[in-house]
Amino acid sequence: MAFERMPEQMPGSGLATGSARADAADRALRAQLLATEHWSLLATRSMSWNESFARATMFLTLMSGAVVALALVAQATSFGDGFVLFALLILPVVLFVGLATYVRLLEINNEDLVWVAGMNRLRRAYLELEPDLARHFITGLTEDRAGIMRTYGTYEGGTILHGFVTTPATIAFVDSMLAAVLAAVLVVQLGMAMAATAAIGVAAFAVTFAALFAYGYRSQRMAGLVAGREASALQQDSAPGA
């Protein structure tokens with residue numbers, strides 16, 4: 001009875017197969033770690049935005065309550081000295097909360113810039129593992145301004161009008177209005193004419209809004225410069241021969 005001889009295994013084929021399996025396992029592990037970090041950044045962004053909405057809602061609710069309280073005191077005192085005293089006590093508190101809310105919203109925006117830059121970095125790492133997936137990504141892959149703006153769904157230049165419709169800008173507008181009302185109440189106590197009171201109120205509004213806008217612009221610009229320097233440093237570190 002004749003037996004067929006089994007083909008001999010090619011020398012080194014077992015080693016090649018084992019190496020391929022090890023490489024595939026390493027790639028899968030890297031992808032899993034990147035995805036875990038990506039979800040962590042998404043969760044952090046979600047928490048930041050929830051805090052942003054909660055802080056804005058808390059401030060507007062406080063201001064609404066203060067307006068109702070002022071109306072009740074005005075009705076009870078016929079806009080007398082008691083109303084003025086109450087207004088001078090409650091308006092500075094509301095204004096302080098508003099300013100603190102504005103500053104915190106700017107910080108949250110700057111933090112969100114970091115999280116978006118981190119997710120862009122992770123997407124670039126995904127493409128290093130699987131370059132064929134590039135056509136499926138519509139968000140940014142770089143950590144420069146252009147890449148971050150692409151992730152936000154806008155273009156790099158943006159528009160100056162966008163800065164006036166953001167949540168921090170809305171809070172800044174309300175803060176400026178509170179500052180104008182507080183200044184007007186103080187001026188009325190000095191016995192100035194109504195025209196001068198109105199002019200001082202308008203000036204207080206303009207100065208406060210300009211100061212808050214300048215502070216916000218400087219804060220956002222500094223955050224953008226830091227992100228740009230980090231992106232440049234990363235590109236230099238990953239450059240060939242670095």
Side-chain angles (χ1 to χ4, degrees), residues 41-68 91-120 123 137-184 198-228 230-231:
L41 292 178
L42 285 174
T44 304
R45 286 195 73 195
S46 177
M47 293 176 59
S48 298
W49 281 107
N50 288 338
E51 180 189 355
S52 175
F53 297 143
R55 292 292 292 266
T57 302
M58 178 185 68
F59 165 62
L60 295 178
T61 302
L62 176 64
M63 189 193 68
S64 300
V67 171
V68 173
L91 288 180
V93 176
V94 179
L95 180 58
F96 171 78
V97 175
L99 294 175
T101 301
Y102 176 72
V103 173
R104 180 55 188 155
L105 291 180
L106 291 177
E107 292 178 351
I108 291 175
N109 283 351
N110 294 339
E111 293 171 3
D112 189 68
L113 184 69
V114 177
W115 312 143
V116 170
M119 288 190 291
N120 285 5
R123 292 190 192 95
F137 290 167
I138 63 173
T139 49
L141 303 173
T142 60
E143 298 167 56
D144 55 3
R145 181 174 177 83
I148 291 175
M149 290 299 102
R150 182 176 178 181
T151 299
Y152 279 129
T154 183
Y155 56 94
E156 182 178 359
T159 172
I160 190 172
L161 295 179
H162 177 71
F164 292 96
V165 299
T166 59
T167 303
T170 303
I171 299 300
F173 185 88
V174 177
D175 289 342
S176 302
M177 181 191 67
L178 287 173
V181 172
L182 183 59
I200 291 177
V202 172
F205 176 88
V207 171
T208 303
F209 188 80
L212 293 178
F213 185 84
Y215 178 82
Y217 178 80
R218 181 177 181 274
S219 176
Q220 297 293 308
R221 180 175 175 81
M222 292 298 296
L225 291 176
V226 171
E230 291 180 352

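Positions are given from 1 along the sequence.
- Here the closest heavy-atom approach between residue Ala183 and residue Ile200 is recorded as CB-CG2, 4.5 Å.
- At least one side-chain heavy atom of Thr101 sits under 4.5 Å from a side-chain heavy atom of Val97.
- The stretch residues 199-211 participates, sequence neighbours left out, in no salt bridge (charged side-chain N to carboxylate O under 4.0 Å, His left out) pair at all.
- Scored by the side chain to side chain contact (heavy atoms under 4.5 Å, CB included) test, Val94 finds Phe59, Leu62, Met63, Ala66, Ile90, Leu178 as partners (sequence neighbours excluded).
- Ser176 pairs by the side chain to side chain contact (heavy atoms under 4.5 Å, CB included) definition with Phe205, Thr208, Phe209, Leu212, not counting sequence neighbours.
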- Report the C-alpha separation of Arg150 and Leu141 in whole Å, then their side-chain angles, then the decisive distance to 0.1 Å, and conclude whether the side chain to side chain contact (heavy atoms under 4.5 Å, CB included) test is met. CA-CA 9 Å; Arg150 182 176 178 181; Leu141 303 173; 5.6 Å; no

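- With rounding to the nearest 0.5 Å, the separation of OG1 in Thr44 from CE in Met119 is 9.5 Å.
- Counting all heavy atoms, side chain and backbone alike, Leu105 lies closest to Pro168 at CB-CG, 3.9 Å.
- Legend: salt bridge (charged side-chain N to carboxylate O under 4.0 Å, His left out) pairs involving residues 202-211, not counting sequence neighbours: none detected.
- Summarising the local packing, CE of Met47 is surrounded by 12 or fewer heavy atoms from other residues, nucleotides or ligands at distances under 6.0 Å.
- Considering all non-hydrogen atoms of both residues, Asn120 and Gly147 come closest at ND2-O, 3.2 Å.
- Shown here are the side-chain hydrogen bond (donor to acceptor under 3.5 Å, both in side chains) partners of Tyr152, two or more places apart in sequence or in another chain: Asp112.
- Using a 4.5 Å heavy-atom threshold, the side chains of Thr170 and Tyr102 count as separate.
- Atom CE of Met149 sits about 10.0 Å away from atom CG of Asp144, to the nearest 0.5 Å.
- Not counting sequence neighbours, the partners of Thr139 by the side chain to side chain contact (heavy atoms under 4.5 Å, CB included) test are Arg123, Thr151.
- Of all the heavy atoms in Ser219 and Asn110, the pair that sits closest is OG-ND2, 2.9 Å.
- Applying the side chain to side chain contact (heavy atoms under 4.5 Å, CB included) rule to Ala56 yields the partners Thr167, Ile171; only residues at least two apart in sequence or on another chain are considered.
- Between Leu95 and Leu182, the closest heavy-atom pair is CD2-CD2, 4.4 Å.
- Phe96 CZ: 12 or fewer foreign heavy atoms inside a 6.0 Å radius.
- Closest approach of Glu143 and Ala117 over heavy atoms only: CG-O, 3.5 Å.
- A side-chain hydrogen bond (donor to acceptor under 3.5 Å, both in side chains) check over residues 51-67, counting only residues at least two apart or in different chains, returns the pairs Glu51-Arg104.
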